[in-house]
Every structure is written in C-alpha cells, then in structure tokens.
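Keep in mind that what you see is a predicted model, and the values were worked out from it rather than measured. Order of the sequence lines sets the chain letters (A, B, ...), proteins ahead of strands, with each chain counted from 1.
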There are 4 protein chains.
Amino acid sequence: MLTARSIAREDKRRRLLEAAVRVFARAGYHGSRVGDIAEEAGVAHGLLYHYFSSKEEVLRTIFRENWGELLERFRAVEGSDEPADEKLEGIAKILLRTWRNDPDLVTVMVREVARSRHLQEEVGAVREAFAIVQRIVEQGQEEGLFRSELDPRLASWLVYGGLEEILTGWVLGQLPDEGEAVARAEQTAIQLALGGLRAD
Amino acid sequence: MLTARSIAREDKRRRLLEAAVRVFARAGYHGSRVGDIAEEAGVAHGLLYHYFSSKEEVLRTIFRENWGELLERFRAVEGSDEPADEKLEGIAKILLRTWRNDPDLVTVMVREVARSRHLQEEVGAVREAFAIVQRIVEQGQEEGLFRSELDPRLASWLVYGGLEEILTGWVLGQLPDEGEAVARAEQTAIQLALGGLRAD
Amino acid sequence: MLTARSIAREDKRRRLLEAAVRVFARAGYHGSRVGDIAEEAGVAHGLLYHYFSSKEEVLRTIFRENWGELLERFRAVEGSDEPADEKLEGIAKILLRTWRNDPDLVTVMVREVARSRHLQEEVGAVREAFAIVQRIVEQGQEEGLFRSELDPRLASWLVYGGLEEILTGWVLGQLPDEGEAVARAEQTAIQLALGGLRAD
Amino acid sequence: MLTARSIAREDKRRRLLEAAVRVFARAGYHGSRVGDIAEEAGVAHGLLYHYFSSKEEVLRTIFRENWGELLERFRAVEGSDEPADEKLEGIAKILLRTWRNDPDLVTVMVREVARSRHLQEEVGAVREAFAIVQRIVEQGQEEGLFRSELDPRLASWLVYGGLEEILTGWVLGQLPDEGEAVARAEQTAIQLALGGLRAD
DNA sequence: GATGAATGAGATTTCATTCAT
DNA sequence: AATGAATGAAATCTCATTCAT
C-alpha cells in the first residue's frame, strides 16, 4: 500500500541513491565519505544506514538497479524480430546514449563498477549482457549475415569493449561528446563492428 | 656508475615494485597496505619511503615504467615499414601477449590504472598509445587499405577498447586464457578489427 | 482505577520489562539494543520511551521491582519468631530458589546489576538485604546460638557472597542445577554457614 | 635479546596495561574510551593497536597476566606440605591482600571481569582457582580435618564467593578497608570458613 | 640504508533518543 | 498510544606517513 509514509520512505532512499551517484562520479567511491552522500542528499548520515547496510551496499544497489534496467532494454532488443545487424545497432545505441542521459551514472559504472572488486558477486549480471551480444552474433552467423569463422564469444567481448571504451573516453573527457559527436561515435562504432562481423 | 651499493639500491627498489605489482594484483590498490608490499618484498615498511614518496607514487611508478616499455614497442611497430594492417596486427599481438608475460602486471594496469583517478596526470602517456593506433589507421586510409569514411580517432578507441576488454576478460577469469585460447583471441581481434576497417 | 485502558497500558509496560529481562539475560545490557527489547516485546521501539525514560531506566526498574519483592520476603523471614539459624536457612532458600523460578532474572541480577555502575544509586536497597542478614546474625549471637566474636557485618557479607556465588555458578553454567543439585546446594550452603557461625 | 628497543617496547606495553587498569577502574570498561587509556599512558591512541588487537584484548590481557600470577601463588600454597586448614588460610590471605596491593586491579577484576561476558573464554583459568580450593577441601576431608559430608565443589564456591564478596565490599566502598579492618576481615573469613568446614 | 615504534587524521558504523504522523 | 523514520554524537579501529635509533 502506498501510504504517505511509504512514499516518503521511497523518496529518501531514491534521493540517497541519486546523491551517491553524483558524489561517486565527482570524487570516486574511495574518495567519497558516507557523510558526503548524506549531505548531498540533505539528510543525516545515519539515515543512509536505515536504507543500506554499508557504503558498499549503496554502490551495489546503484549497479543492480541501473544495470537491471539496461539489461531489460538489451533483452527487448534481443527479443525483437529484427535481423542481427539491426539488433547490434540497437545495442550500441542503447549503450552509448546512456551517456547523454546520465553522465554521472555512466561515470560511476565505468570507473567504479565495471572492473571493480566491490561487485565481483554481480559479475553474473554483467555476463548476461555479454551473453546477449553473443547470441545476437550467433544469430547473425546463422542468418548468414556474419562471418561464421569468428568465435562469437570473443567477438561479443571485442564489440562490447569498443563501446565501453567510447564511454570511457567521454567519462575521462578525452573524446568530444556534444550531440553531433555522439551521433558520429554511434555511426563509427556500428560501421566498424558490423564491417568486422559481416560476411562478404 | 654501477657501484655495488647502487646495484643493491636498485635491487631493493625493484623488489618493492615487483612486490607491489603482486600485492596490488591480489588485493587491489585500496585493499593493499604499504606494510603488505614491504612484507611481500621482505623489507621493513619504512624503507618503502626511501624509494617512493607515497603509496600512490608506487602505483604511478609501476605504470610509468611499464607503460613506457609498452609504448616503446608500439613505436617500433609504428616506425616499421609494414603496411597498416600488419602494424595493427603487431599492436594487437604486443598488447594481448603481455597477459601471458605478466598477468599480475596486466591485472594492475587494467583494474587499478586504466580508469583510475590516481593517474590522471599520466593520461598523456596513455593518449600516446591511442595516437599511435590512430596514426596507423590514418596511414591505412591513405594507403587505401582502410575505409576513409571512418573517423580514425574513434576507430582507434574502438579497436583499443576491444583489445583491453579481452585482457579484462582474462583478468576477471571470465575468458579462457591457455595458449590456444590466447592465439584464438589474437586472431579474432585482428580479423574483427581489420574486417571492420578494411576498404572493400 | 483499573480501566481497560490502564490495564492495557500496564500490560505493555510489563511485556517490555519481561522482554528486557530475557534480552539482557541473553546478550547483556551493553550487548542489547533498545530495538531488541521492543522486538522481543512485539512493539515498536519508540514505544519503550513512553514507559521508560531510557534504556538504563529499564534496567533500574527491573532491579527495583524485583529486588523489592525479594526484600519483602527477606523481611518476612526476619520478622518471624524463629531462631536465627532457621531464619538464615530461610534466607538461603529464598535466594537460591529464585534461580529455578526465573533464571533470566537471576542472570540479569548477577551479571548486570550486582556490581554494576548503572545502579549505584540503588545501592541502599542492596545494603538493606545485607543489613537483614546482619541483624539475623546479631540475633543469633544474642541468643547464644552464634559465636559472638565474629563481626556480624563481615559475616553477613561472607554468607551472602557464598550464596551469590552459587547463583553465579548456575548463571555461568558451571555448577549443576537440576532439582537434586539445587537441594544439595541449599543444604551445603546452610551447613557451611551455620557450621561457621555456630557457637560450640 | 634485550636491546634498548625491546626494553622500550615492553615498557610502553606495560604502561598501556597499567593505564588501562586505572582507567577501567575509574570509569568501567564500557565507560572508558581507547583514547582515555592512551592519554593516561601518555601515548597516541593508535599505539594501543600496535600492542593489542582491540580494547577487549586489553582487558583480556589484564586478566590473563594478573590472574596467572595469582594462580601461581595459589598453586604454591596447594603444593606446600601444610595441613588443609592452613592452606585455606593461605588462599584467603593471598586473595584478600590483593586489595591493598592494587585496588584498581581488584576493582577491574571484580567489576569488569569476574562475571563479564568479555572473558567467557578465560573461564577455564578461573575454574582452575576453584579447583585448587576444592582439592584443598578434599585434602582436609581425607585428613579428617573437614567434615566429609560436605560436597567439596560446592564448598569451594561458597568459600571463594565469600572472599570475593569482601573484595566487592571494598571495591564498592561499602566495607571499611584500613589495615586494621583488612586484618579483621581476614580473621573473620578464615574463622567462618574453617568453622563451617571443620569436623567436630 | 634499514627498522619498526609511534603518530593522529579520518572514516565507517552503531544506536539511544526524538518526534512527526 | 503507537510507529518507525530521522538524527547525530560517539567510538573503535585503520593505516599512510614520519622519524629516532
């Protein structure tokens, strides 16, 4: 039941998570104090422990909730009845457009989560994204669209890694990211990946 | 001059650096204490401060010395008189073969350095690697080997990111890495990248 | 007046106190959280503050109410017209039988109250018990039953301490406490004390 | 080897332990902060963790080192070739004289250790003291000095408890403790215990 | 150079208590 | 009365760094 109180509760929790994203993006996980997050959220730091068991649990939650959402969208693409190349294009667009949508979140995901030791247990959830790309590659090979001699698993890592590196370039401020540039990055990524995968 | 003393000195320094690589690989930068490094090196922890100004300086040194070596080899490839596709192949092989050569070092580079906040100042050195790949791509375009409509800078990030992701897969224990598998990864990476870049 | 409301009120208060005894016995005063007590009582922890001003006040209340009851029974023994040795026997039985009656309460009294700093102000109430024993000893000396050269105050502490140590042995699980054993402890305590006090 | 450094080291450790005894005696274990102990010892609080793994470990060490010493003396009495009554007298004197010798230490032992949950694991060491008293009682029974119908285990708890209660009275400031009073307490305790144990 | 005792800033976490609902 | 969200003081413990020996 959505009482006024349960709504308020959900609200504070959400505010803490969003504050944590901003703070982690700005100063990094290790450079952020629990008190910084609370201050950013406008609450006492003790409250954070009402909603999360630890600072690490906050990071884990950020990952879980947002990665889950991303996976949903990946799954939707996979489940569509498009040909494999269009699906891959869809994946690339979803991933790259997260940047404009929420740069802080992408920053945290790229810098604090992707290769972190804090979320080793969540590795399964990350693997799922690779598995989707891999299945799309396999589908493309079956359709005769993609070269069948390529190992689809390795290919999925290579393609995904390329996309993630673009995000990293934006996060590090090393690649231009205005609207135009984002579109060009999308195009380039898609052309390169599909060109590499495509059967002649 | 290499006196016995200066050699001994160099020796301890090196032992500390190598110990740090092992310890950082095992427990991460933040999970490692200065005392752990010293213990691994078999010296008292105070000694570390004779050779390095701080724990961070140790990480920075690891990066600098090893990245410099890698860059040397990249430059050698770039400077050779091979066609662009063979140069790119060379780069890929150098990068991927570092894994078998020194997994701990790769682990530290991938997990603690690549996207870290600790080495923002060293970003220039990383950029240099991208620049080399980018120039090779440009060379390929001039030679008519590679498609000229691709943005060479973005392409270099995409290609490099794919390679780094393979290393990450190995670091995380998610991709197989016995000799055979490494060779296949090389082949797949090269085929995919060149396939994507190649002009028809 | 005992309205339905005042009864309900009394009921919650009592439930909290009984819950506190169980929780303190299990985890100790410092190891117990106010929330644990409330949970054990099946109420929200905020409610505890309607009935008690603090966590310490809960402990104090446990002591006061139960020690008062014990004192009543001691006073009844003292006020009887039995000879001193039988009175002392009565005291010992009352004290030792509290264990079978309410082990949790005894545990709290022995571990959290008897030597605690939280109840320094209640020291007078404890002293009263010693005074009763002391007066019984003095009575015995006057009656010629007990040796008159013994300091009755010290004797009362020694006797009382012996009894409390038996309780402690039970609390710590170091002395057997099935029915038979309790009876034997009573007998031994009485024989030893009276043997020591008795004039030849 | 006793280098100047190892002596200094032992010195600081000892100073910390002695400071802890004073601070615990004054404010209780829970009322004392690690910083208070360090301040009393005249060192930085971090140093405490050089020598002890935790605040609790400090208390444990206080107990262990001092209780061990006491046990030694108990064992010496037990091992002597005196009759049982004189041995018991010896035990009583040792125990009661600890008060004048180191009131703070006795305070800590009585209030923070004896019935505490912090040192449950050390219970074996405490049991050893009871076992010694018990064996003396048994010896007395065999020698025909003590009444054989008394359970020697219970008797040892009763006797020991009486002595501990005298210490408690001193700790709580409820019993007089000048030289004269201590001597009288000794006499009374011994007369009462031996009177109770003695065969007619 | 080498050691490791000593320092102390700092960070997370706990939890009694308050108070708006 | 009853709830439990919110507060924030407080305390333990960690560990990079310094420095006397």
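Side-chain proximity of Leu47(A) to the nucleotides dA6(E), dA10(F), dA5(F) is greatest for dA5(F). Closest to the side chain of His50(A), out of dG4(F), dC13(F), dT3(F), is dG4(F). Each of dG8(E), dT18(E), dT3(F) was ranked by its minimum atom distance to the side chain of Ala44(C); first place goes to dT3(F). Residue Val43(D) has its side chain nearest to dT7(E) when only dT17(E), dT7(E), dA2(F) are considered. Taking only side-chain atoms of Lys12(C), from C-beta outward, the nucleotide of dA16(E), dA2(F), dA6(F) with the closest atom is dA2(F).
Within the structure, every pair that satisfies the side-chain hydrogen bond (donor to acceptor under 3.5 Å, both in side chains) test and touches residues 36-49 of chain C, not counting sequence neighbours, is listed here: Arg22(C)-Glu40(C), Arg26(C)-Glu40(C), Arg33(C)-Asp36(C). Applying the salt bridge (charged side-chain N to carboxylate O under 4.0 Å, His left out) definition to pairs two or more places apart or across chains, those involving residues 104-114 of chain A are Glu112(A)-Arg117(B).
A heavy atom lying under 4.0 Å from DNA chain F marks the following residues of residues 52-66 of chain D, by number: Ser54(D), Lys55(D). Contacts of residues 13-38 of chain D with DNA chain F (heavy atom under 4.0 Å): Ser32(D), Arg33(D), Val34(D).
With contacts defined as side-chain heavy-atom distances shorter than 4.5 Å, the pair Leu16(D)/Val58(D) does not qualify. Side chains of Asp102(D) and Asn66(D) form no contact here, defined as non-hydrogen atoms less than 4.5 Å apart. Put simply, the side chain of Leu17(B) reaches to within 4.5 Å of the side chain of Thr61(B), judged on heavy atoms.
The strand DNA chain E forms stems, runs of 3 or more Watson-Crick or G-U wobble pairs with distances below 3.5 Å, at E:2-21 with F:2-21.
Whole-Å rounding puts the Tyr49(C) OH to dA20(E) P distance at 17 Å.
Under the side-chain contact (heavy atoms from CB on, under 4.5 Å) criterion, Ser53(D) pairs with Glu57(D), not counting sequence neighbours. Partners of Arg13(A) under the side chain to side chain donor-acceptor pair (under 3.5 Å) rule, at least two apart in sequence or in another chain, are Glu65(A). Every residue two or more places apart in sequence or in another chain that forms a side-chain contact (heavy atoms from CB on, under 4.5 Å) with Val126(D) is listed here: Phe63(D), Trp67(D), Phe130(D). Partners of Glu121(A) according to the side chain to side chain donor-acceptor pair (under 3.5 Å) rule, which considers only residues two or more places apart in sequence or in another chain, are Arg60(A). Among residues two or more places apart in sequence or in another chain, the ring pair (Phe, Tyr, Trp, His ring centres under 6.0 Å) test is passed with His30(D) by His30(C), His118(D). Taking Lys55(A) as the reference, Phe24(A), Tyr29(A), Val34(A) meet the side-chain contact (heavy atoms from CB on, under 4.5 Å) condition, with sequence neighbours excluded.
No hydrogens or angles were tested; on distance alone, nothing pairs the side chain of His45(B) with the base of dA16(F) as donor and acceptor under 3.5 Å.
Residue-to-nucleotide proximity on DNA chain F shows that, of Leu48(C) and Gly46(B), the 5′-proximal contact is made by Leu48(C).
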